[in-house]
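Owing to the predicted nature of the structure, the values given are computational and were not obtained by experimental measurement.
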Amino acid sequence: MDYTDLYIDGEWRKGTERFDVINPATEEVLASVASADIADADAALDAAERAMAEWAARKPRERSEVLRRAWELMTDRLDHFAHLITLENGKARADAIGEATYAAEFFRWFAEEAVRADGLITHAPASGARIVVQHKPAGLAVLITPWNYPAAMGTRKIAPALAAGCGVVIKPASETPLTMLALMPLLEEAGVPKGLVNVLPSKKTGALVDHMLHDPRVRVVSFTGSTGVGRKLLKSAADQVLKPAMELGGNAPVLVLKDADMDTAIEGTMLAKMRNLGEACTAANRIYVHESLADDFTRRLSARMSALKVGDGTDPSVDVGPLVNAETRDKVAEFVSDALAKGAKLECGGTVPNGPGFFYPPTVISNVPETADCVHDEIFGPVAAIQTFADEDDAIRRANATEYGLVAYVFSADFKRAMQVCERLDYGMVGLNRGLVSDPAAPFGGTKQSGLGREGGHEGMLEFMETQYISAEW
Ligand code: NAP
């Protein structure tokens, strides 16, 4: 591996300690990566502060062109990034190419947004003064990302932060730091100034991030990961009243209404379930099918799931790679055992293969009882858990009965009815007759304990900006 050190102020630093990154398909060590400590965090913040002063003063068009160049360069090198993503995360080649493309698109989208930070001038209704509203870069941002999308969860934060004029320090997940490190030479080539983006892999994550969140220069904390860690970060962020952007866990329901087109519902559910082999916050976690369609739906979904080829994701014929680590694989296996013990039926899959590699086969379980753990927690793996409903109101009530509110999916051929159901779902995003909602041009984010704020769309850049109002007389 070419890039395994800390990236601070445009330079590679060895750090005082190192940790291993494992290939989940082979369980072999891929690389030994530097682990940042508090002194490295201070150096990274110093560099980001220096670089930001110059970057924020640049014309929006100049910032835009650097981001546009990053999109071009990354698009030219999709294969390279996809390969790295597969090596460290395990996902199959098609998923990795999908992620690299999606990751690059954030540079293009925010290159376009960088020149559209609009404001407002209006008359104050009573005083006659002018109300002038404008947006300014919020300040240094600490970005913390998960392992399930080693490139895209980073670029979804870096691109809007740079578009807004902020400097950043990014802490990638310890399972998958290599892709983010490998992105740094590309950003340099695109014209990102030295020090503006710093990458600190670390095994002392809690202490490192907490230290940065208490540095008075930091104004934004943008996190993607589990709700449990998100809660901790919100508590730390409270001390300096930081601007938080929190993309947290999900428990996505799929509602297949009785008038659903079966082909569309199967296609959409496969995508919502198996994109990224189920290791996605947007993954279909609970599948509610109208009882009149349930047998046909279960049979067809099981046939599609059984036909998927499992193996090392670097083999282009493989559809489903390994899970990221043994813990994640074991948790998925436990969800299935628990559901079966509580009365669910195994339709396909369900057996952990011999190693090496953290593989789990595409699995379908039906008749899943409400008491099963997988109804209440994220499965985060290739297991489709099917329940039935007779009454639409009951299905909506069950779909909403969770502390999460990231994304829901609805399948129905009756558009008016489908829209009425969508509006009753307490979710930040709904896929209607589609199994994919993620789009750099759309506001991604959840309600309830799935998070705060939005990434992508017009909203994404505002997470890195402060609104200033000037009351003016002229
Ligand atoms: P995680 O355990 O919460 O870790 C995410 C990041 O937080 C990693 O970089 C991790 O570093 C860091 N972290 C862990 N403990 C920390 C602490 N005490 N203080 C500061 N940072 C800390 O989540 P994960 O297992 O990597 O990712 C899966 C979760 O992410 C799922 O719940 C999924 O739904 C969620 N997710 C949400 C979205 C969304 O957009 N809503 C997107 C993708 C994933 P280390 O790796 O060093 O521990």
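In this structure, a donor-acceptor pair under 3.5 Å is present between the side chains of Asn325 and Glu175. Thr402 and Lys448 form no side-chain donor-acceptor contact under 3.5 Å, judged by distance and modelled atom types alone. Residues Asn251 and His376 have side chains that never bring a donor and an acceptor to within less than 3.5 angstrom of each other. Under 3.5 Å, the side chains of Gln449 and Arg231 contain a donor-acceptor pair of N or O atoms. Between the side chains of Ser236 and Asp210, at least one donor-acceptor pair of N or O atoms lies under 3.5 Å. With 3.5 Å as the limit, one finds no donor-acceptor pair spanning the side chains of His135 and Asp118. No side-chain donor from either of Lys91 and Thr86 sits under 3.5 Å from a side-chain acceptor of the other. A donor atom on one side chain and an acceptor atom on the other are found under 3.5 Å apart for His458 and Glu113.
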Taking it one step at a time, do Leu73 and Phe107 satisfy side-chain contact (heavy atoms from CB on, under 4.5 Å)? CA-CA 10 Å; Leu73 291 171; Phe107 290 122; over 6 Å; no
Checking side-chain contact (heavy atoms from CB on, under 4.5 Å) for the pair Met184/Val197: CA distance, chi angles, key distance, verdict? CA-CA 8 Å; Met184 294 305 114; Val197 179; 3.7 Å; yes
Quick one, Arg434 with Glu267, criterion salt bridge (Lys or Arg N to Asp or Glu O under 4.0 Å). Give me CA distance, side-chain angles, the key distance, then yes/no. CA-CA 8 Å; Arg434 284 176 60 82; Glu267 212 51 59; over 6 Å; no
Tell me, with the steps shown, if Leu200 and Ile170 meet side-chain contact (heavy atoms from CB on, under 4.5 Å). CA-CA 6 Å; Leu200 299 183; Ile170 179 160; over 6 Å; no
Walk me through whether Leu45 and Leu140 qualify under side-chain contact (heavy atoms from CB on, under 4.5 Å). CA-CA 8 Å; Leu45 289 172; Leu140 295 189; 4.1 Å; yes
Go through Glu54 and Arg58 one step at a time and tell me if the salt bridge (Lys or Arg N to Asp or Glu O under 4.0 Å) criterion holds. CA-CA 7 Å; Glu54 184 270 329; Arg58 285 199 198 181; 2.8 Å; yes
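With values rounded to the nearest 0.5 angstrom, Thr176 atom OG1 is found 11.0 Å from Leu30 atom CG. Interatomic distance, His80 NE2 to Ile85 CD1, rounded to the nearest 0.5 Å: 10.0 Å. Distance check: Met74 CE to Leu187 CG gives 9.0 Å after rounding to the nearest 0.5 Å. Atom NE2 of His211 and atom CG of Asp37 lie 9.5 Å apart (nearest 0.5 Å). Here the straight-line distance linking atom CD1 of Ile22 with atom CG of Asp20 works out to 5.5 Å at 0.5 Å rounding. Atom CZ of Arg275 is separated from atom CG of Asp95 by 8.0 Å, given to the nearest 0.5 angstrom.
Contact check on Asp46 versus Arg217 returns a salt bridge, with a Lys/Arg side-chain nitrogen under 4.0 Å from an Asp/Glu carboxylate oxygen. Of the charged side-chain nitrogens involved, none lies within less than 4.0 Å of a carboxylate oxygen, so that Lys157 and Glu247 do not count as a salt-bridged pair. Classification of Arg156 and Glu455 as a salt-bridged pair holds, one side-chain N sitting under 4.0 Å from a carboxylate O. The pair Lys203-Glu17 fails the salt-bridge criterion, with no side-chain N (NZ, NE, NH1 or NH2) lying under 4.0 Å from an Asp/Glu carboxylate O. Salt bridge status for Arg108 with Glu105: present, with a side-chain N to carboxylate O gap under 4.0 Å. A salt bridge is absent between Arg116 and Glu112; no separation between the charged side-chain nitrogens and carboxylate oxygens falls under 4.0 Å. With respect to the salt-bridge test (charged N to carboxylate O, under 4.0 angstrom), the residues Asp40 and Lys204 do not qualify. Between Lys14 and Asp5 there is a salt bridge, since at least one side-chain N of the basic residue sits less than 4.0 Å from a carboxylate O of the acidic one.
Side-chain atoms of Glu279 come within 3.5 Å of backbone N or O of Val324 as a donor-acceptor pair. Under the 3.5 Å distance criterion, the side-chain polar atoms of Asp338 are left unmatched by any main-chain donor or acceptor of Ala372. Checked by atom type and distance alone, the side chain of Asp9 never pairs as donor or acceptor with a backbone atom of Leu196 at under 3.5 Å. When atom types are taken as modelled, the side chain of Glu27 and the backbone of Pro356 share no donor-acceptor pair closer than 3.5 angstrom. In terms of modelled atom types and a separation under 3.5 Å, the side chain of Asp315 and the main chain of Ser317 share a donor-acceptor contact. A donor-acceptor contact shorter than 3.5 Å is absent between the side chain of Thr145 and the backbone of Gly154. Between the Lys171 side chain and the Leu208 main chain, no donor and acceptor come within less than 3.5 Å of each other. Under the 3.5 Å distance criterion, the side-chain polar atoms of Arg63 are left unmatched by any main-chain donor or acceptor of Ala111. In terms of modelled atom types and a separation under 3.5 Å, the side chain of Ser450 and the main chain of Gly405 share a donor-acceptor contact. Distance alone, capped at 3.5 Å, is enough to place a donor-acceptor pair between the Lys273 side chain and the Ala284 backbone.
The aromatic rings of Trp147 and Phe380 stand perpendicular to each other, their planes meeting at an angle above 60°, with 30° marking the opposite boundary.
Minimum heavy-atom separation, Val318 to Gly313: CG1-CA, 4.3 Å. Pairing each heavy atom of Ala82 with each of Ala96, the nearest pair is O-CB, 3.4 Å. The two residues Pro160 and Gly460 have their closest heavy-atom pair at CB-O, 3.7 Å. Shortest non-hydrogen contact noted between Val352 and Ala333 is CG2-CB, 4.0 Å. Of all non-hydrogen atoms in Pro361 and Val310, the two that sit nearest each other are CA-CG2, 4.4 Å. In terms of heavy-atom proximity, Ala408 sits nearest to Leu425 at CB-CD1, 3.9 Å.
Between Met274 and Leu308, some side-chain heavy-atom pair lies under the 4.5 Å cut-off. The shortest side-chain heavy-atom distance between Met180 and Pro150 does not fall under the 4.5 Å cut-off. Within the 4.5 Å cutoff, side-chain heavy atoms of Thr269 are placed close to those of Ile287. In this structure, Asp79 and Arg77 have side chains that are not in contact, with every pair of non-hydrogen atoms separated by 4.5 Å or more. Counting heavy atoms from C-beta on, the side chains of Leu181 and Trp12 come closer than 4.5 Å. Between Thr155 and Phe110, the closest side-chain pair of non-hydrogen atoms is not below 4.5 Å. Val209 is listed as a side-chain neighbour of Ile144, based on a closest heavy-atom distance under 4.5 Å. Residues Val383 and Val332 are in side-chain contact: their nearest non-hydrogen atoms beyond the backbone lie under 4.5 Å apart.
Enclosure of atom NZ in Lys136 is not indicated, since only 12 or fewer non-hydrogen atoms of other residues, nucleotides or ligands lie within 6.0 angstrom.
Taking the ring centre of Phe444 as origin, the terminal cationic atom of Arg454 falls outside the region bounded by 6.0 Å and 45° from the ring axis.
Note: Phe106 and Tyr102 meet the aromatic proximity criterion, with ring centroids under 6.0 Å apart.
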